[in-house]
Amino acid sequence: MSEGQSAAPVALEAKTPYELRVNLGASVPETDVRAALATGDMGFLHSFTTGSAVDGPGVRVVAWTTGCMWRCRYCHNPDTWTVTNGIPVTIATAAAELRKYRRGLKVMGGGFTLSGGEPLMQDRFAVKLLAAAKAMDIHTVIETNGYWGNRLSDGELETIDLVMLGIKTWDRERHRQLTGVEIGPTLDFARRLAASGRPIWVRFVLVPGLTDDLHDVAKIAGFAEALGNVERVEVLPFHQLGKYKWEQLGLQYTLHDVEPPSTELVSRTCAVFRAAGLDAW
Ligand code: SF4
């Protein structure tokens, strides 16, 4: 497989992860995709973006991986579900991209965030890129749904300074309906992070009619508070920025009529987390 092999030349850097990107690694033979997943010497990236202020502490460089096995009904980047929609990139190239920003990130008190898609779908690549960042003395964050947390050894976890963990809803059946998978592995990963003292920021997407049951929110809050390692909860208001991707990919989007939550609903949701003793906004 040759690096950057794709249907058309597309820059690794994107202005925003909301750019629709498809089939950029589609010509990579399946055996090479499997080898890449097994070794992490090559990864598939939707893009790199710079200057993010919402993907961890300070200003971040973010690498957006492709591949996710969940099917969240409100996902705003469904083009990242398929690994081979991403650009094939060697670990050396990805690390070199990061090195360009090393000094600036230090000055700005920021760091590197690995997001997706679900970064742990490419766990070997994730481990190598996070280790490369640590070797450059760059602060590291992973944004994950936690489902494949058990793919990381305890030693590998130590290369991650902060885990931004998406918890979608508490009720098991609703979780299955919302994401297509069980919530159990996500909660197990949270408990493991707590046991090893790794800090977590919980990310909770507030979707009117889907995740706005405040009794359900209170259960997430109680769980998160009891962990003892949750530094912050981010309540993310649902939006429609990814709707066009569903349409262009020919996927069935079920949230056409859902409005973003009101400011008042966001405040009430944050208040539930705060009532449990958590820092939430
Ligand atoms: S876990 Fe994230 S990337 Fe995967 S489907 Fe859900 S919102 Fe999309």
Side-chain angles (χ1 to χ4, degrees), residues 14 16-22 24-25 37 43-49 52 54-56 62-87 113-123 125-126 141-152 163-172 174-190 200-212 220 233-255 258 260-261:
T16 152
Y18 293 110
E19 280 184 18
L20 179 69
R21 294 187 162 193
V22 291
L24 300 178
L37 293 175
F44 292 81
L45 292 179
H46 174 279
S47 56
F48 262 93
T49 57
S52 168
V54 295
D55 294 291
V62 186
W64 306 91
T65 60
T66 46
C68 185
M69 65 295 171
W70 290 28
R71 293 294 176 264
C72 300
R73 289 173 59 194
Y74 56 71
C75 182
H76 51 234
N77 284 314
D79 52 335
T80 64
W81 290 351
T82 305
V83 170
T84 52
N85 274 351
I87 302 171
T113 299
L114 189 63
S115 186
E118 169 46 54
L120 296 182
M121 284 290 282
Q122 299 188 51
D123 57 288
F125 182 74
V141 170
I142 188 167
E143 285 188 49
T144 176
N145 60 38
Y147 193 85
W148 293 115
N150 61 3
R151 291 182 172 186
L152 301 179
V163 175
M164 298 179 80
L165 183 67
I167 300 185
K168 316 293 186 183
T169 189
W170 184 259
D171 180 81
R172 284 166 183 259
R174 193 178 299 156
H175 195 275
R176 249 195 311 270
Q177 288 168 6
L178 190 62
T179 67
V181 299
E182 304 289 332
I183 192 175
T186 296
L187 303 184
D188 289 346
F189 186 51
I200 294 176
W201 288 8
V202 167
R203 304 195 107 190
F204 175 75
V205 182
L206 180 60
V207 191
L210 283 183
T211 67
D212 59 349
I220 297 174
V233 178
E234 294 185 336
V235 175
L236 309 174
F238 166 76
H239 57 68
Q240 294 280 12
L241 289 178
K243 179 172 132 181
Y244 86 99
K245 290 191 174 186
W246 287 75
E247 290 165 353
Q248 299 222 352
L249 292 168
L251 298 168
Q252 192 190 0
Y253 187 59
T254 56
L255 307 184
V258 177

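Quick note: numbers below take in every heavy atom, side chains included, and nothing from hydrogens, waters or symmetry partners. Order of listing sets the numbers, starting from 1, for every ligand and every atom in it.
The closest approach between a heavy atom of N145 and any atom of ligand 1 is below 4.0 Å. Not a single heavy atom of G116 sits less than 4.0 Å from an atom of ligand 1. At least one heavy atom of W81 sits less than 4.0 Å from an atom of ligand 1.
Residue-ligand proximity, G117 to ligand 1, at heavy-atom distances under 4.0 Å covers atoms 3 (S).
Judged by distance alone, the side chain of Q240 and the main-chain N or O of V258 form a donor-acceptor pair under 3.5 Å.
Of the protein's non-hydrogen atoms, C72 SG, 2.3 Å is the one closest to atom 6 (Fe) of ligand 1. When hydrogens are left out, the protein atom nearest atom 2 (Fe) of ligand 1 is K168 NZ, 4.3 Å; that is the closest non-hydrogen contact.
Ring geometry for H239 versus Y18: interplanar angle over 60°, hence perpendicular rather than tilted (30 to 60°).
Counted by atom type alone, T144 and E118 present one or more donor-acceptor pairs between their side chains at under 3.5 Å.
If you take CG on D188 and CD1 on I183, they are separated by 10.0 Å, rounding to the nearest 0.5 Å.
In this structure, W70 has its ring center no closer than 6.0 Å to that of W148.
Proximity of C68 to ligand 1, defined as any heavy-atom pair under 4.0 Å, is confined to the side chain (atoms from C-beta onward).
Looking at L210 and T169, their side chains never come closer than 4.5 Å, going by heavy atoms from C-beta outward.
Contact annotation: C75 places an N, O or S atom under 2.8 Å from atom 8 (Fe) of ligand 1.
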